Amino acid sequence: AVFALGSDTGGSIRLPASFCGLTGLKPTYSAVSRYGVVAFASSLDQVGPLTKDIADSAIVLEQIVRYDQRDSTSVRIDNNNYYQNLNTEMKGVKIGIDRVHYDGLDQEIKDAVLKAADVFVSLGAELVDLSMNINDYALAAYYIISSAEASSNMARYDGVKYGLKVEGKDLVDTYTKTRSAGFGAEVKRRIMLGTFVLSSGYYDAYYKKALRARTVIKESYDKAFEVCDFVLSPTTTSGALAIGQKVEDPIQKYLSDIYTVTANIAGLPAVSIPCGMTEEQLPVGLQLTGRAYGEQMLLNAGYAFQQATDHHKLRAVQGVE
């Protein structure tokens with residue numbers, strides 16, 4: 001396949017791209033229509049391309065960035081000639097790096113990402129130190145907001161209107177049996193969490209605080225973009241996980257999203273591009289997060305990096321046990 005489309009709520013395009021040595025782009029919220037997408041968290045979900053390189057991403061993005069009257073959040077973007085406008089000019093571009101992002105990170109991931117930052121410098125860019133201080137509450141805010149919205153969105157799967165139906169002795173029993181059979185353990189976990197944080201007595205303690213944290217995260221990015229053009233970080237904390245790894249510990253699994261969720265919370269575009277390999281020959285992803293509707297700058301930066309390196313041409317070792 002030349003490309004695939006994914007829906008990214010907190011990293012579901014960028015994380016698999018990082019794990020597989022691909023380029024994964026989450027556009028600005030509202031740039032691509034969400035019409036027809038099965039909603040998880042409506043204020044976070046965004047469709048974007050998974051491709052082998054930035055050039056292919058630009059080609060696909062030109063076709064999917066369109067105004068759609070069927071999506072009430074859709075906006076009109078006048079210039080979406082992303083592929084035609086690709087260039088490798090990096091002189092004068094300022095790249096922000098928040099050193100807190102690298103605390104507790106696997107050394108080989110840290111080395112690969114910082115080495116990639118040096119490539120940008122060699123191409124004419126300038127590194128700018130940031131102190132955004134959003135990691136402490138970004139993940140908690142994301143899982144509260146997304147689970148709350150999922151709780152509402154999943155209510156439509158009741159075995160009556162469409163989809164799976166498991167007959168019960170009455171309506172409530174049909175609901176219960178249908179959802180018990182149709183939802184997996186992780187989906188149920190998030191629905192229960194979302195219902196809890198929206199319930200009377202807990203709304204202010206959890207959901208309202210998460211919305212305040214969302215505002216703080218957005219403002220932190222706004223402040224960062226006063227001194228830099230985009231923020232550079234790892235895409236995730238490790239190489240690809242083994243099948244079944246961390247399945248029994250959902251909290252550890254959630255921590256894999258720590259670098260990706262903030263772009264969704266703030267509605268910003270972000271791209272993951274390959275920047276190296278681990279000792280086990282598993283791909284390492286580098287993430288660039290840009291200003292709202294700043295996809296062209298992100299694509300140009302990624303394109304410049306991929307013209308100067310061959311990480312995107314490497315493939316993970318097959319059949320790793």
Side-chain angles (χ1 to χ4, degrees), residues 1-6 8 10-27 48-61 82-83 86-88 90 93 95-97 101-102 105-123 125 127 230-242 256-261 263 269-290 295-320:
V2 178
F3 72 94
L5 295 179
D8 191 309
S12 297
I13 292 172
R14 290 160 288 157
L15 289 171
S18 176
F19 292 150
C20 299
L22 300 174
T23 296
L25 175 64
K26 184 204 87 71
L50 281 149
T51 60
K52 292 180 180 178
D53 57 32
I54 283 287
D56 284 352
S57 289
I59 292 170
V60 176
L61 202 63
Y82 301 113
Y83 181 71
L86 275 183
N87 67 73
T88 60
M90 292 296 294
V93 174
I95 302 173
I97 293 185
H101 280 155
Y102 303 92
L105 190 64
D106 285 354
Q107 190 62 44
E108 55 186 348
I109 305 293
K110 179 178 179 179
D111 290 344
V113 173
L114 293 180
K115 188 175 180 180
D118 290 338
V119 172
F120 283 112
V121 172
S122 71
L123 296 173
L127 298 184
F230 47 79
V231 178
L232 182 151
S233 71
T235 303
T236 186
T237 55
S238 67
L241 303 175
S256 299
D257 302 343
I258 192 165
Y259 300 119
T260 53
V261 297
V271 63
S272 175
I273 55 178
C275 69
M277 289 279 191
T278 68
E279 291 182 0
E280 296 179 303
Q281 293 302 295
L282 297 174
V284 177
L286 159 75
Q287 179 177 242
L288 302 174
T289 304
E295 279 83 353
Q296 189 68 62
M297 178 165 279
L298 284 184
L299 290 167
N300 289 350
Y303 186 63
F305 183 83
Q306 291 186 344
Q307 291 298 300
T309 64
D310 64 353
H311 301 300
H312 60 292
K313 297 178 182 178
L314 303 177
R315 292 291 172 257
V317 172
Q318 301 297 310
V320 176

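All values reported here derive from a predicted model rather than from experimental measurement. Both backbone and side-chain heavy atoms feed into the values below; hydrogens, waters and symmetry mates do not.
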- [ ] Using the side-chain contact (heavy atoms from CB on, under 4.5 Å) rule, take Val113 and Cys275 through it: C-alpha gap first, then chi angles, then the decisive distance, then the call.
- [x] CA-CA 7 Å; Val113 173; Cys275 69; 4.2 Å; yes
Open item on the list: Would Leu123 and Thr88 count as a side-chain contact (heavy atoms from CB on, under 4.5 Å) here? Give the steps.
Closed with: CA-CA 9 Å; Leu123 296 173; Thr88 60; over 6 Å; no
- [ ] Please report the shortest heavy-atom distance between Ala301 and Leu288, naming the atom on each side.
- [x] CB-CD1, 4.0 Å
TODO: Taking side chain to side chain donor-acceptor pair (under 3.5 Å) as the test, write out the residues that go with Thr235, two or more places apart.
DONE: Ser272
TODO: Check whether any side-chain heavy atom of Tyr83 sits under 4.5 Å from a side-chain heavy atom of Leu61, and report yes or no.
DONE: no
Open item on the list: Just to verify, what does Ile97 make a side-chain contact (heavy atoms from CB on, under 4.5 Å) with, not counting sequence neighbours?
Closed with: Arg99, Tyr102, Ala117, Leu127, Leu232
Task: Reported NZ-to-NZ distance for the pair Lys110 and Lys115, which is rounded to 0.5 angstrom - done: 16.0 Å
Open item on the list: Do Leu299 and Leu86 have side chains that approach each other closer than 4.5 Å (heavy atoms only, starting at C-beta)?
Closed with: yes
Task: Residues forming a side-chain contact (heavy atoms from CB on, under 4.5 Å) with Asp118, sequence neighbours excluded - done: none
Task: Minimum heavy-atom distance Ile13-Leu50, with the two atoms named - done: O-CD2, 3.4 Å
TODO: For Arg14 and Thr260, indicate whether the former's side chain and the latter's backbone hold a donor-acceptor pair under 3.5 Å.
DONE: yes
Open item on the list: Using the side chain to side chain donor-acceptor pair (under 3.5 Å) criterion, which residues pair with Asp106? Sequence neighbours excluded.
Closed with: none
- [ ] List for me each residue that meets side chain to side chain donor-acceptor pair (under 3.5 Å) alongside Gln107, sequence neighbours excluded, and say none if there are none.
- [x] Asp111
Open item on the list: Rounded to the nearest 0.5 Å, what separates atom CG in Leu15 from atom OG1 in Thr237?
Closed with: 9.0 Å
Task: Sequence neighbours excluded, every pair satisfying side-chain hydrogen bond (donor to acceptor under 3.5 Å, both in side chains) that has a member inside residues 48-58 - done: Thr51-Ser57
Open item on the list: What's the separation between atom CZ in Phe3 and atom CG in Leu25, rounded to the nearest 0.5 Å?
Closed with: 13.0 Å
Task: Under the side chain to side chain donor-acceptor pair (under 3.5 Å) test, residues paired with Gln306 that sit two or more places apart - done: Thr23
- [ ] Could you tell me whether the side chain of Leu286 reaches within less than 4.5 Å of the side chain of Phe120, counting heavy atoms only?
- [x] yes
TODO: State which residues pass ring pair (Phe, Tyr, Trp, His ring centres under 6.0 Å) with Tyr259; sequence neighbours excluded, sorted by chain then number.
DONE: His101
Task: Nearest heavy atoms of Ala263 and Thr289, plus distance in Å - done: CB-CG2, 4.2 Å
- [ ] Report the distance from atom CG of Asn87 to atom OH of Tyr303, rounding to the nearest 0.5 Å.
- [x] 9.0 Å
TODO: Measure across Ser12 and Pro16 and return the closest heavy-atom pair with its distance rounded to 0.1 Å.
DONE: O-CG, 3.1 Å
Open item on the list: Testing the basics here: between Thr236 and Ser18, what is the closest heavy-atom pair and its distance to 0.1 Å?
Closed with: CG2-OG, 3.7 Å
Task: Counterpart residues, side-chain contact (heavy atoms from CB on, under 4.5 Å), relative to Pro269 (two or more places apart) - done: Thr28, Glu295, Leu298
Task: Listed partners of Thr309 passing side-chain contact (heavy atoms from CB on, under 4.5 Å), at least two apart - done: Val119, Phe305, His311
Open item on the list: I need the minimum non-hydrogen distance between Pro283 and Met277, along with the two atoms involved.
Closed with: N-SD, 3.5 Å
- [ ] Output the distance between atom CD (Gln281) and atom CG (Leu314), rounded to the nearest 0.5 Å.
- [x] 8.0 Å
